[in-house]
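A short write-up of the structure that comes next.
Numbers restart at 1 for each chain; the letters A, B, ... are given by sequence-line order, proteins then strands.
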Amino acid sequence: MRMSQLFGRTLRQAPAEAETVSHQLLLRAGMIHQVAAGVYSCLPLAWRVLRKIEQIVREEMDAAGGQELMMPVLQPLEMWQETGRDVAFGENLFTLKDRRQRRLCLGPTHEEVIVDLVRRHVRSYRDLPLLLYQIQTKFRDEPRPRGGLIRVREFTMKDLYSFDADEAGLEVSYQKMMAAYRRIFLRCGLPTLAVEADSGAIGGKDSHEFMVIADSGENQVLHCSRCGYAANAERAESLKPSPPPQDRLLPLQEVATPSVKTIAQLAHFLNMPPSRTLKAVFYVADGELVFVTIRGDLEVNEIKLKRALGAMDVRLANEDEVKRAGLVAGSASPVGLSDIRRVADLSISSGANFAVGANKEGYHLVNANYPRDFQVDLMADIALAEVGHGCPKCQTPLQGSRGIEVGHVFKLGTFFSEKLGATYLTAEGVQKPIVMGCYGIGIGRLLAAAIEQNHDNRGIIWPAPIAPYHFHICALGAENPPVVASAEELYRRLQSSGLEVLLDDRDESAGVKFNDADLLGIPYRLVVSPKTVANGVVEIKERREKEPTLVPLEQAVDYVKACLQ
RNA sequence: CGGGGUGUAGCUCAGUUUGGCUAGAGCGCAUGGUUUGGGACCAUGAGGCCCCCAGUUCAAAUCUGGGCACCCCGACCA
């Protein structure tokens, strides 16, 4: 490709709306253009990268036994009503009506469609296992698109679905995919961390996210440097710090605590650490007010709470709802309460003689102990794991990082096959639901993550396997006939050797060409100038390196080919 | 949905507080010339629905009301 012909223009300054590095560089390199919030056009350079990533993904999916197919974006809403996921997705689902007023949606994912397809074709255990995938556009009306290609409303995703006869089969498929994912990200030049993840309302037991560690990541990841435990903070377990030991249980006692509202104030007022207090937090779970109690030094993890309650939707209660339930915010506790659902974190039984609210404005109780002084309806781990807590496996303090989720694998179990009647006959002639898994990779997000991970202050540094071109020839002196002739010949020779080459044949100064080359981040830069022509050499520099190598012109093609090995 | 912010040339931004002549700068773009190893220089030029609608006024980029879009934080995100 000739730079003089390439569609897209580089920018010296990044548009003001871009904040994350990948977003800025994609805009400055002229690779993407925003059409609406979370909706982008990809210009030729970006499209080449996306196709390369897709191809790597495709090869690995095929190698793992996957079969590629293609399903529609446009889907009848009825299918979603059958599984109840129209409600689960809620506003995130783009819906529309056709001319006959039939309701449709733009697929945010394809479980419904593929299960509908598979149930018509799979009859017997002999038809299993099956691994089917597509690389397809998805639509999700995200509440807040952000970070350029990091979080968008229309995006390309590879989604593979596994169909097995039983849990053991699912485990095999799951491990195959985990291994394939590792290879994919490795081939794309991206170090990733597989972390335990929340599987959501639908998912089964196991789920892993593949995280690219980057400061711009949206996810908090906790990991243990000793045993390798790693989990999304949404789901991580941890050993909490121990509160001061208590010799014996003391009698419950009321104390006046004028204008004490927060845990910090209470701890200060009573001169005890927050870990000797219990805090009350009020949530609304699927419309029902829930009273949540947790040790004062810990935070509630809403996702764990949601899972513990088996709720579709959990949110903090507002002031009104709290008042109407007769609760005293700032002085609430489960002591003496019974007409409301009470949930507690396991931490309330680690420690003793807690300070809690008296359910009376201006008063608290000291020496509250579970279960002596109060009961709960549900006790579970609903605490947010934090950096510094102990690793649940080996007790080492957990470390934290930010991560970009580029892949996610789930064990779905039989949720969809049961809802939609996807069954098979066992060798014994028994009808059973198919056991499913699903496995996604965001192609565009992977591109963005690759930039987040591979750049310097001059621009992008593409990992070679996904670079839009491998070689970038800078012809310095576009009006100098020997230089032009030499650059053109080099360009032809590289191309006819099957190499992907970008030729900067523009009438621009050396500075402009070098800066653009650094910005675009092609792995190897080849300089042809009056000097190199006079010496019969070409100057070859790796994007990551500082110093170039001089290579005799006649050896250039061989040298360059060897670079790619 | 809550909080904050921004909409003026392709990009970055001034001008809006205190209404007033033909709306500006830098970069980019076009043409010509001089340059050519890290974003060169000179000259000339093109380019504007000042986000939209309504209002106030002799007069609105500027004031008022309403709307829209985009960005950031949070909520949310099988």
Side-chain angles (χ1 to χ4, degrees), chain A residues 8-20 23-24 27-28 30 33-39 80 83-93 107-112 138 140-148 150-153 155 157 159 161 197-204 207 209 216 218-219 232 234 283 302-303 306-307 312-316 318 405 408-413 415-416 419 436-440 442 458-459 474-480 483 504 506-519 525 527-533 539 541 546 548:
Chain A
R9 178 187 302 288
T10 57
L11 299 175
R12 284 194 196 194
Q13 288 174 297
E17 76 252 20
E19 209 144 278
T20 54
H23 191 192
Q24 290 181 349
L27 288 168
R28 283 190 53 210
H33 175 257
Q34 181 168 10
V35 176
V39 181
W80 290 76
T83 55
R85 288 214 304 169
D86 55 331
V87 177
F89 262 93
E91 299 246 271
N92 265 25
L93 203 58
T109 172
H110 282 73
E111 281 84 0
E112 279 78 2
K138 311 282 188 195
R140 296 182 188 179
D141 196 358
E142 296 286 347
R144 185 146 95 80
R146 71 185 108 182
I150 301 277
R151 185 166 214 89
V152 288
R153 298 192 297 169
F155 58 99
M157 182 171 165
D159 46 324
Y161 304 89
D198 179 62
S199 46
I202 312 295
S207 171
E209 288 166 338
S216 56
E218 299 180 285
N219 302 278
N232 191 316
E234 288 178 350
Y283 285 91
E302 291 186 18
I303 295 182
K306 189 162 146 184
R307 197 168 33 197
M312 291 289 262
D313 178 58
V314 165
R315 60 169 174 83
L316 276 172
N318 59 39
E405 176 194 350
H408 200 163
V409 297
F410 281 90
K411 287 185 182 170
L412 291 176
F415 177 87
F416 290 96
K419 289 259 185 201
M436 287 180 64
C438 84
Y439 315 84
R458 299 187 154 278
C474 289
L476 303 187
E479 78 308 322
N480 181 321
V483 169
D504 194 344
R506 297 172 304 169
D507 182 12
E508 290 288 355
S509 70
V512 169
K513 292 190 179 188
F514 287 151
N515 278 296
D516 276 348
D518 288 342
L519 176 59
R525 186 187 77 187
V527 174
V528 178
S529 70
K531 266 191 275 179
T532 66
V533 170
E539 179 188 300
K541 187 183 89 69
K546 231 177 155 67

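As rounded to whole Å, 11 Å separates atom P of B:rC1 from atom CG of A:D141. Atom CZ in A:R315 sits roughly 16 Å away from atom C1' in B:rG74 (whole-Å rounding). Rounding to whole angstrom units, NZ of residue A:K546 and C1' of B:rG38 are separated by 11 Å. A:R12 has its CZ atom 6 Å from the C1' atom of B:rC27, to the nearest Å. Counting to the nearest Å, the C1' atom of B:rG39 and the CG atom of A:N515 are 5 Å from each other. In this entry the distance linking CG of A:L27 with P of B:rG28 reads 19 Å, nearest Å. Distance A:E218 CD to B:rC72 C1': 13 Å, rounded to the nearest Å. Rounded to whole Å, the distance from CG on A:N219 to P on B:rC76 is 14 Å.
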Quick one: do A:D198 and A:K306 satisfy salt bridge (Lys or Arg N to Asp or Glu O under 4.0 Å)? Show the steps, please. CA-CA 11 Å; A:D198 179 62; A:K306 189 162 146 184; over 6 Å; no
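Taking atom P on both B:rG5 and B:rU31, the two are 45 Å apart, rounded to the nearest angstrom. The gap from the C1' atom of B:rA9 to that of B:rC29 amounts to 11 Å, rounded to the nearest Å. One P atom belongs to B:rG45, the other to B:rA25, and the distance between them is 12 Å to the nearest Å. A distance of about 6 Å separates the P atoms of B:rU8 and B:rC51, rounded to the whole Å. To the nearest whole angstrom, the two P atoms, one in B:rG47 and one in B:rA30, are 15 Å apart. Taking the P atom of each, B:rU6 and B:rC63 are spaced 13 Å apart, rounded to whole Å. For the C1' atoms, the distance linking B:rU22 with B:rG15 amounts to 16 Å, nearest Å. Comparing the same atom, C1', in B:rA23 and in B:rU64 gives a spacing of 23 Å after rounding to whole Å.
Checking the phosphate oxygens (OP1, OP2) of B:rG39, no side-chain nitrogen or oxygen of A:S509 falls inside 4.0 Å.
Ranking B:rG39, B:rC76, B:rG37 by closeness to the A:E302 side chain, first place goes to B:rC76. Out of B:rU12, B:rA78, B:rC29, the shortest distance to the side chain of A:T109 is found at B:rA78. Comparing B:rG39, B:rA78, B:rG37 by their nearest atom to the side chain of A:F410 picks out B:rA78. The side chain of A:E508 lies closest to B:rC29, out of B:rC76, B:rA78, B:rC29. Among B:rG37, B:rC27, B:rU35, the nucleotide with an atom closest to any side-chain atom of A:D507 is B:rU35. The side chain of A:E479 lies closest to B:rU36, out of B:rG37, B:rU36, B:rG39. In the set B:rG37, B:rU36, B:rG39, the nucleotide with an atom closest to the side chain of A:D516 is B:rG39.
Among the heavy atoms of the strands lying under 4.0 Å from A:T532 is at least one base atom, whether or not backbone atoms are also near. Across all strands shown, A:C474 has no heavy atoms under 4.0 Å from either base or sugar-phosphate atoms. A:E112 comes within contact range of no nucleotide atom at all, as no heavy-atom separation falls under 4.0 Å. At the heavy-atom level, A:K513 lies nowhere under 4.0 Å from the strands shown. A:D518 comes within 4.0 angstrom of a base, heavy atoms only.
With rounding to the nearest 0.5 Å, the separation of CZ in A:R85 from CZ in A:F416 is 3.5 Å. Taken to the nearest 0.5 Å, the CG atom of A:N219 stands 5.5 Å off from the CD atom of A:E209. A distance of 13.0 Å separates CG of A:D86 from CG of A:N92, quoted to the nearest 0.5 Å. In this structure, A:E539 CD and A:K531 NZ are separated by 8.0 Å, a value rounded to the nearest 0.5 Å. With rounding to the nearest 0.5 angstrom, the CE atom of A:M157 is 5.5 Å from the CZ atom of A:R140. Rounding to the nearest 0.5 Å gives a distance of 5.5 Å between CD of A:E17 and CD of A:Q34.
Side-chain atoms of A:R28 and base atoms of B:rG10 include no donor and acceptor less than 3.5 Å apart.
Between A:E539 and A:P143, the residue anchored closer to the 5' end of RNA chain B is A:E539, taking for each the nucleotide with the nearest heavy atom. Residue A:T20 is the one, among A:H408 and A:T20, whose nearest nucleotide of RNA chain B lies closer to the 5' end (criterion: closest heavy atom).
Taking the salt bridge (Lys or Arg N to Asp or Glu O under 4.0 Å) definition, one finds that A:E405 meets it with nothing, sequence neighbours left out.
In a base pair of the Watson-Crick type (N1 to N3 plus N6-O4 or O6-N4) or a G-U wobble (N1-O2 and O6-N3), with each distance short of 3.5 Å, B:rA9 is matched with no nucleotide. Checking B:rU31 for Watson-Crick or G-U wobble geometry (two distances, each under 3.5 Å) identifies B:rA43 as its partner. Across all strands shown, B:rC1 pairs with B:rG74; the Watson-Crick or G-U wobble distances both stay below 3.5 Å.
Annotation for A:L476 and A:K513: closest pair CD2-CD, 4.2 Å, computed over non-hydrogen atoms. When all heavy atoms are compared, the tightest approach of A:D504 to A:C474 is CB-CA, 4.3 Å.
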For nucleotides 67-71 of chain B, list the nitrogen or oxygen atoms of the protein found under 3.5 Å from its nitrogen or oxygen atoms, one pair per line.
unit_1 : atom_1 : unit_2 : atom_2 : d
B:rC70 : OP1    : A:A37  : N      : 2.9
B:rC70 : O3'    : A:Q34  : NE2    : 3.4
B:rC71 : OP1    : A:Q34  : NE2    : 3.2

